[in-house]
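Along the sequence shown, residues are numbered consecutively beginning with 1. First listed ligand is number 1; within each ligand, the first listed atom is number 1.
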Amino acid sequence: MNQTKYIFVTGGVTSSLGKGIIAASLAKLLQARGYRTTIQKFDPYINVDPGTLNPYEHGECYVTDDGAETDLDLGHYERFLNVPTSQANNVTTGRVYLSVIEKERRGEFLGKTVQVVPHITNEIKERMQHLGNSGDYDIVITEIGGTVGDIESLPYIESVRQLVWDLGESNSLVIHLTLVPYLAAAGELKTKPTQHSVKTLMESGIKADILVCRTEHELSSDLRHKLALFCNVTRDSVIQSIDASTIYDVPNLMLEEGLDKVALKKLDLPEKNTPDLKQWNQFLFRLKNPKHTVNIGLVGKYVELQDSYKSILEAFIHAGSANETKVNVISVHSEYIDKENAADKLSGLDGILVAPGFGERGIEGKIETVRYARENNIPFFGICLGMQMAVIEYSRNVIGWKEANSTEMNEHTAYPVINIMEEQKNITDKGGTMRLGAWKCTLEEGTLASKIYGGETNILERHRHRYEFNGTYLNELQKAGLITSGVNPDTGLVEIIELNTHPFFIGVQYHPEYKSTVANPHPLFVSFVKAAVTKKSK
Ligand code: GLN
């Protein structure tokens with residue numbers, strides 16, 4: 001077996017430079033050249049996983065097929081590469097310490113003092129090589145969260161230093177992503193922050209092999225030369241990463257800059273074929289040359305932060321391109337919607353998506369939103385909590401169970417049409433205990449859902465929730481016209497609801513947004529956007 005090669009991506013100067021996008025773009029190019037590539041992310045916080053984090057902290061929590069609650073960058077990896085990730089692709093400081101401490105309790109350290117170096121760093125190094133050792137990958141890209149110089153990042157930086165040393169010449173390389181700011185007053189791009197950041201990395205014993213410089217303006221040849229000289233990298237290793245109109249442009253921009261070639265050269269790997277980005281570029285062409293425009297309302301309670309609904313927004317980009325349609329996503333705060341103002345806030349939308357979420361805040365606004373969409377024939381798409389709200393709305397306003405609710409919001413409601421799952425009842429821990437990951441769903445022939453999925457009978461979709469459609473009310477809701485078009489074949493739990501008295505009304509208990517990629521836009525999003533285009537043209 002050939003030696004797996006490792007690429008480490010570190011960040012300097014500031015956070016939010018887009019390490020995840022650079023890592024995903026490089027991986028895309030290497031994949032397109034014929035290398036089996038994966039990306040993993042190491043996050044320096046102490047939460048064991050981001051599952052317990054409020055979306056306002058780090059944005060959405062991304063869920064993998066194997067039920068790992070992970071950093072949203074893994075979503076970018078999947079959307080770019082179209083290859084599923086897993087728990088092994090995301091490791092946090094909390095997970096590392098938890099596992100070292102568990103080993104210590106089992107007596108595995110044989111009486112030794114357990115320390116950051118070597119015990120924590122060894123655990124990190126082992127995990128950094130875990131996917132590489134599987135034999136499934138030629139190249140493993142490891143993104144180190146945070147910014148060089150952070151106290152929290154130190155054990156990771158030390159682990160990278162040791163690994164580079166362990167792996168030996170040509171088997172690894174370090175990319176440093178920095179910012180080259182433009183000072184308007186001076187009319188100049190400045191290299192000093194990059195120089196300092198590279199120096200900080202050097203103090204930890206790591207030499208950056210490639211600099212990727214985020215910038216708002218083109219880097220001149222002189223400036224590239226200066227960066228190379230002062231940061232001790234070769235001239236072709238200064239890569240410009242200029243602001244792009246869409247993240248999906250970045251692989252092409254990196255190709256133009258030769259990031260993939262210089263990386264392969266440093267890893268002593270052949271260039272193989274020129275990257276075949278035909279399908280990718282077709283996607284981009286359709287994205288940039290839309291024939292229609294639609295306005296879709298995204299109704300949720302975390303709308304202030306774009307990253308909270310990252311995968312949903314990206315799924316709309318994929319579905320928009322598939323429909324040659326520009327999708328304007330208009331965020332609507334569910335907390336401020338009520339019966340009186342619903343028409344004001346929602347009329348004029350070509351489609352309405354009610355977002356996933358937890359807790360009581362904003363749910364009455366979501367229920368009003370569903371009512372408005374249902375009564376006014378506006379294409380409606382409910383995801384997870386959004387689907388649950390649709391069941392509650394139907395129970396309240398069509399059947400007349402005025403008190404219908406989810407036991408998440410009101411434990412004593414007379415009509416708990418959504419209630420906690422049996423197996424969740426005695427769980428008190430919050431971390432990693434929901435119904436998570438890929439579960440089967442069987443689709444009912446002849447329904448909208450079955451049509452959307454191209455006539456497939458069995459699908460697998462990813463979940464992240466504790467509450468469910470309450471089977472006790474199934475018959476009555478069905479009799480009243482609510483169609484349950486998808487159920488879990490093993491448990492009978494309802495996964496999809498829809499209405500056939502409406503042009504497009506569907507709610508899903510799972511999260512389809514996690515599985516939408518550039519290569520495979522999710523059919524639910526594609527059909528929803530299509531329904532919005534149809535509505536608008538009427
Ligand atoms: N809060 C709901 C539940 O736990 C919905 C979760 C979600 O939207 N992801 O079932």
Hey, which residues fall under 4.0 Å of ligand 1 on heavy atoms? Pro356, Gly357, Phe358, Cys384, Leu385, Gln388, Glu408, Arg464, His465, Arg466, Tyr467, His511
Relative to the ring of Phe525, is the ring of Phe381 parallel (under 30°), tilted (30 to 60°) or perpendicular (over 60°)? perpendicular
Would you say CD of Gln306 has more than 12 non-hydrogen atoms from neighbouring residues, nucleotides or ligands within 6.0 angstrom? no
Please indicate whether Lys535 has more than 12 foreign heavy atoms, meaning atoms of other residues, nucleotides or ligands, lying under 6.0 Å from its NZ. yes
Take atom CG of Leu98 as the centre, draw a 6.0 Å sphere, and report whether it contains more than 12 heavy atoms from other residues, nucleotides or ligands. yes
Counting only heavy atoms not in Arg105, do more than 12 fall under 6.0 Å of its CZ? no
The residue among Tyr514, Tyr510, Tyr453 that forms ring pair (Phe, Tyr, Trp, His ring centres under 6.0 Å) with His522 is Tyr453
